[in-house]
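Just below is one structure, and these are the notes that go with it.
Below, all heavy atoms of this structure are taken into account, side chains as well, without hydrogens, waters or symmetry copies. As the structure lists them, so they are numbered: ligands from 1, and atoms in each ligand from 1.
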Amino acid sequence: MAAVELELLDRIRNGAADPHAPSANTAVDVPVAVSYGDGIGPEIMEATLAILDAAGARIAPRQIEIGEKVYRSGYSAGIAPDAWSTLRDTRVLLKAPVTTPSGGGYKSLNVTLRKTLGLYANVRPCVGYAPFVATRHPEMNVVIVRENEEDLYAGIEHRQTDEVFQCLKLITRPGCERIVRYAFEYARSNGRRRVTCMVKDNIMKMTDGLFYEVFREIGASYPDIEQDRQIIDIGAARLATRPEQFDVIVTPNLYGDILSDVAAELAGSVGLAGSANIGERVAMFEAIHGSAPDIAGRGIANPSGLLLSAVMMLVHLRQANTATLVHNAWLRTLEEGIHTADVRGGRTRRTVGTRAFADAVIERLGDAPRKLALVEYRNPDAQAAAAESRHPRRPPATKATVGVDVFIHDGSTTPEILGSRLSSRETPALKLRMITNRGVKVWPNGFPETFCTDHWRCRFQARSDGGTIDHRDIIELLTRITDAGLDVIKTENLCTFDGVAGYALGQGQ
Ligand code: NAD
């Protein structure tokens with residue numbers, strides 16, 4: 001081992017590697033909510049807490065009950081009021097996986113926790129541990145920072161016609177600012193050199209376009225970090241084939257959901273990856289895997305995913321020295337071939353159960369890995385954390401309504417017939433400019449080849465160029481259209497913000 005690494009470990013053992021670390025004599029134990037979960041949850045949580053305890057983590061676990069039992073006792077989200085109050089007190093949760101009972105009527109506990117507690121950032125490091133864990137990507141070391149609250153996950157879905165269903169994709173400026181700033185701060189405080197933004201802004205110019213615009217704006221304050229943007233489709237393909245080329249990836253919710261599973265799969269075993277869900281007030285740490293009912297109660301589950309989540313928690317709690325101690329001991333255990341049964345790489349010397357694996361890590365506390373890279377955590381910078389949570393609201397723009405899109409359900413019309421019926425119902429303020437079907441212009445001058453479903457978007461704009469309208473004009477138009485016997489499903493106002501159109505043009509417009 002290099003002299004510098006030996007010195008680092010010496011300093012860690014003596015509790016002096018980080019000047020900001022709480023000293024062993026003065027630090028108090030930090031209350032942390034802990035849930036043992038279902039399936040393999042209790043086994044891996046006991047193993048993890050035993051390692052943290054042996055490493056001297058300054059935490060005071062307060063157990064909360066969430067998961068299957070709570071679901072079955074009548075709480076549809078799997079969490080009871082007393083658990084919420086513990087969470088609000090401790091503001092940190094170390095969570096073992098839970099089982100969602102099958103059958104209808106149960107809400108996802110994870111989604112409920114994320115949304116209720118405002119856990120806006122999902123952070124998932126995906127690392128290759130070759131040759132000790134089989135992977136085709138030995139150099140892989142990527143962190144996916146996924147926006148956790150917005151996008152298509154708002155759950156706002158409607159059936160609008162016989163043939164058309166809709167899910168609303170909501171992207172907000174404060175949401176983008178928060179996640180992008182978090183990703184840059186994470187990169188900086190973890191010694192990462194590049195942040196890649198993955199979006200589909202060539203198609204979704206307004207929503208994904210906003211995400212990338214914010215990335216560029218905020219990125220300007222981080223000249224020390226390399227920055228690039230990749231379109232999600234080609235970016236995902238590159239991640240799947242050359243993951244070693246990526247460092248930190250920041251991306252909206254849905255893409256992040258998919259990417260983080262792809263990356264975890266590439267890294268090797270599902271049992272090895274941890275994750276953090278970070279909010280402004282509360283943070284939750286958990287393994288990425290589920291409750292593994294197929295091996296529950298057998299004492300063979302791998303506690304590593306939860307342990308690495310706990311390491312992230314220690315860093316969050318500014319106990320970087322303890323995090324460093326535990327992570328390096330874990331790497332050393334892996335290298336010595338002491339593995340649980342799920343780890344495949346051909347370097348296993350001894351297959352052990354959950355508890356024996358934890359004991360092996362405990363025995364190696366203070367040891368450094370010999371082949372894998374030594375890990376060294378730093379306590380997060382308090383000022384950086386404050387910067388991360390600062391999002392001054394912009395002053396409202398000058399908004400003008402210049403038209404309205406009226407959506408109509410009609411399964412038996414044609415673009416020409418609909419165009420002529422609607423033209424005859426124009427008002428003094430609003431004129432029909434265009435009809436689209438699934439976003440493609442079909443009136444005026446559409447193509448006969450374009451397939452039309454029963455869902456028409458009819459764009460009315462102010463009669464005079466640059467003119468504005470108000471809500472009464474829209475109501476008058478809707479009254480006329482309804483009187484013509486047409487079925488209006490919904491409307492979307494067309495507005496400009498500081499003179500810039502806040503709506504996309506139709507394809508072909
Ligand atoms: P799973 O992750 O529980 O299991 C998938 C496979 O990986 C199984 O063969 C399992 O034995 C294995 N595996 C998982 N973790 C392991 C570990 N630590 N050590 C060794 N092997 C491990 O996924 P699943 O079977 O689809 O889901 C089971 C339950 O978990 C479901 O009820 C699901 O809703 C729930 N779940 C919970 C969470 C969570 O709480 N965060 C996440 C995913 C799934």
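Identified under the salt bridge (charged side-chain N to carboxylate O under 4.0 Å, His left out) test for residues 93-116, with sequence neighbours left out: K95-E286.
With respect to the salt-bridge test (charged N to carboxylate O, under 4.0 angstrom), the residues R173 and E177 qualify.
A donor-acceptor pair shorter than 3.5 Å cannot be found between the side chains of T161 and H455.
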Which atom pairs, donor and acceptor, lie under 3.5 Å between side-chain atoms of residues 150-157 and protein residues at least two apart or in another chain?
unit_1	atom_1	unit_2	atom_2	d
E150	OE1	T172	N	2.9
E150	OE1	T172	OG1	3.3
E150	OE2	T172	OG1	2.5
D151	OD2	N253	N	3.3
D151	OD2	L254	N	2.9
Y153	OH	D257	OD2	2.6

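With sequence neighbours excluded, the residues that form a ring pair (Phe, Tyr, Trp, His ring centres under 6.0 Å) with Y71 are Y106.
Using a heavy-atom distance under 4.0 Å as the criterion, the protein contacts of ligand 1 are I40, K95, P97, V98, T99, T100, N110, V270, E286, H289, G290, S291, A292, P293, D294, I295, A301, N302, D342.
The aromatic ring centres of H339 and F132 sit 6.0 Å or more apart.
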